K.L.:
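Pasting a structure here, questions to come.
None of these values were measured; they are calculated from a predicted model. Order of the sequence lines sets the chain letters (A, B, ...), proteins ahead of strands, with each chain counted from 1.
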Protein chains: 2
Amino acid sequence: MSLSHALLGLLAVAPASGYELTKEFEQEIGRYAWQAGHTSIYPELGKLAARGLVHVTHEGARGAKTYDVTDEGREELRSWLLQPPNPTATVRNEQVLRMFLLSALEPADQRLMLTRIAEHTGRAATELRAVVATETPGGGPRAGFGRLAGEFGIRQYEAVHEWALWALDHIAEDGQA
Amino acid sequence: MSLSHALLGLLAVAPASGYELTKEFEQEIGRYAWQAGHTSIYPELGKLAARGLVHVTHEGARGAKTYDVTDEGREELRSWLLQPPNPTATVRNEQVLRMFLLSALEPADQRLMLTRIAEHTGRAATELRAVVATETPGGGPRAGFGRLAGEFGIRQYEAVHEWALWALDHIAEDGQA
DNA sequence: GACACCATGTAAAAGGTTACATGATTCG
DNA sequence: CGAATCATGTAACCTTTTACATGGTGTC
């Protein structure tokens, strides 16, 4: 299960509370890599603590608990991250699924959908490029993290943008690509 | 739930049995978009039939049932596909998660991981480009489908490849991106 | 004092995976 | 006749989502 490793990884970069981790999952990590809500995060932190991979470093106001990774947790994370790319790893992307099912539509609808995708990803790439450019070097505890994610996102949007333009160019009148 | 729409979409392109759909999910669709095994596909086909979105067109040898989409199913599929891109759509990608957690590693491990990713995606892009180039135009019932998926995959691998090279170039000695 | 936000949790239901189970057909 | 492949299904388990539930703190 990858949620445990996602939490381990985020905590390895900087200790945090369940609440802060939840907000993290609403950012880039949730948009490109893995989604999770607080109702799965809190119990999972409890399980990780029970397994000795994380521990509570201190309790703050309003019952807030700050978690940090233990040496054992760091070892577990490292061995998971350094695994060779495995071809059966979990993949689930609703947007990409929509693109793949394009062939099920009539030609006119195909063009409509591809045009929308091209516009949307083109705009998203431009916006993200602007955001990344204005980000101050240095910054918070996860600054490097955001930079890496930003550059990934830009390339991701550009790739889909180029694909949509290619597809628009290559679907014939009868809709066969 | 997207599995139902994935099945609807595949059947809309060409009628098929649960067994054939299962094999479909082991190809590009499972690699880039959505995974499913036969144990989730068979019950789901049953539910879709109960809702009147698909129906069994004929039963062949060994109890094989060929499903096709009904008009109602086609309408449901179309309205789902033409929905505007929604930012909270399901995203779950173990490989991308690994990349995002790069910052949790020591600089030497980061470089090792990025080098591996760059090599792997570079090779995958080249191989896929070769496969797409040799595919005969025309072909089977889902030929357009495979072409679309192939072009998508190529751009996907290239994007990650470029990202990994960028990251290798930009992580300083202390591992800050 | 109301509203926004901080901060945590549980429980039921839905969705998905793994393991188990069965039998037909085809090819060598 | 044995092995691979075709073809379907159920059940137990695990994971995830949705809904419910509670209370503290800061600010206007």
K.L.:
Specify the separation, in whole Å, of atom NZ of K23(B) and atom P of dT8(D).
P.N.:
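Checked: the NZ to P distance equals 10 Å.
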K.L.:
State whether K65(B) places a side-chain N or O below 4.0 Å from either non-bridging phosphate oxygen (OP1 or OP2) of dG9(D).
P.N.:
yes
K.L.:
Between E24(A) (CD) and dA7(C) (P), how many Å, whole number?
P.N.:
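My rounded result for the distance is 14 Å.
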K.L.:
Answer yes or no: does atom CD of E106(B) have more than 12 heavy-atom neighbours from other residues, nucleotides or ligands under 6.0 Å?
P.N.:
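12 or below, so no.
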K.L.:
Stepwise, does the side chain to side chain contact (heavy atoms under 4.5 Å, CB included) test hold for F25(A) with L3(A)?
P.N.:
CA-CA 11 Å; F25(A) 276 91; L3(A) 174 58; 4.0 Å; yes
K.L.:
Taking atom C1' of dA7(C) as reference, at what distance in whole Å does atom CD of E26(A) sit?
P.N.:
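Answer to the nearest Å: 13 Å.
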K.L.:
Rounding to a whole Å, what distance do you find between L45(B):CG and dT10(D):P?
P.N.:
13 Å
K.L.:
Quiz question: by atom type and distance under 3.5 Å, do the side chains of E76(A) and H5(A) form a donor-acceptor pair?
P.N.:
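Yes, H5(A) and E76(A) have a side-chain donor paired with an acceptor closer than 3.5 Å.
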K.L.:
Just compare dG16(C), dT16(D), dG9(C) and give me whichever is closest to any side-chain atom of R92(B).
P.N.:
dT16(D)
K.L.:
Does a nitrogen or oxygen in the side chain of Y42(A) sit under 4.0 Å from OP1 or OP2 of dG9(C)?
P.N.:
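Answer is no, no contact under 4.0 Å.
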K.L.:
Taking only the side-chain heavy atoms of T39(B) (C-beta and beyond), determine which of dT17(D), dA7(D), dA11(D) contains the nearest atom.
P.N.:
dA11(D)
K.L.:
Over how many whole Å does the gap from I41(A) atom CD1 to dT8(C) atom P extend?
P.N.:
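Checked: the CD1 to P distance equals 10 Å.
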K.L.:
Rounded to whole Å, please give me the gap between CD in E20(A) and P in dC6(C).
P.N.:
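After rounding, the reported distance stands at 10 Å.
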K.L.:
Rounded to the Å, how far apart are Q35(A) CD and dG16(C) P?
P.N.:
13 Å
K.L.:
I'd like to know whether CG of N86(A) has more than 12 heavy-atom contacts from other residues, nucleotides or ligands below 6.0 angstrom.
P.N.:
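Counting neighbours around CG of N86(A), more than 12 heavy atoms of other residues, nucleotides or ligands fall under 6.0 Å, so yes.
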K.L.:
Tell me: NE2 of H38(B) to P of dA21(C), nearest whole Å?
P.N.:
14 Å
K.L.:
Look at Y19(B) and dT8(D) and indicate whether a side-chain polar atom (N or O) is within less than 4.0 Å of OP1 or OP2.
P.N.:
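False: Y19(B) side-chain N/O out of range (4.0 Å or more) of dT8(D) OP1/OP2.
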K.L.:
With respect to the side chain of R62(B), which nucleotide from dT8(C), dA24(C), dT17(C) is positioned closest?
P.N.:
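For R62(B), the side-chain atoms sit closest to dA24(C).
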K.L.:
Kindly point out which of dT17(D), dG16(C), dT15(D) is positioned nearest to the side chain of S40(A)?
P.N.:
dT17(D)
K.L.:
With no hydrogens and no angle check, just 3.5 Å: does a side-chain donor-acceptor pair link E151(A) and H170(B)?
P.N.:
no
K.L.:
When you match G63(B) and T90(B) each to their closest nucleotide on DNA chain D, which lands nearer the 5' end?
P.N.:
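Looking at the nearest nucleotide for each, G63(B) comes out on the 5' side.
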K.L.:
How would you label the contact of T22(A) with the nucleic acid (heavy atoms, under 4.0 Å): base, sugar-phosphate, or nothing?
P.N.:
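The answer is nothing, as T22(A) stays clear of every strand by at least 4.0 Å.
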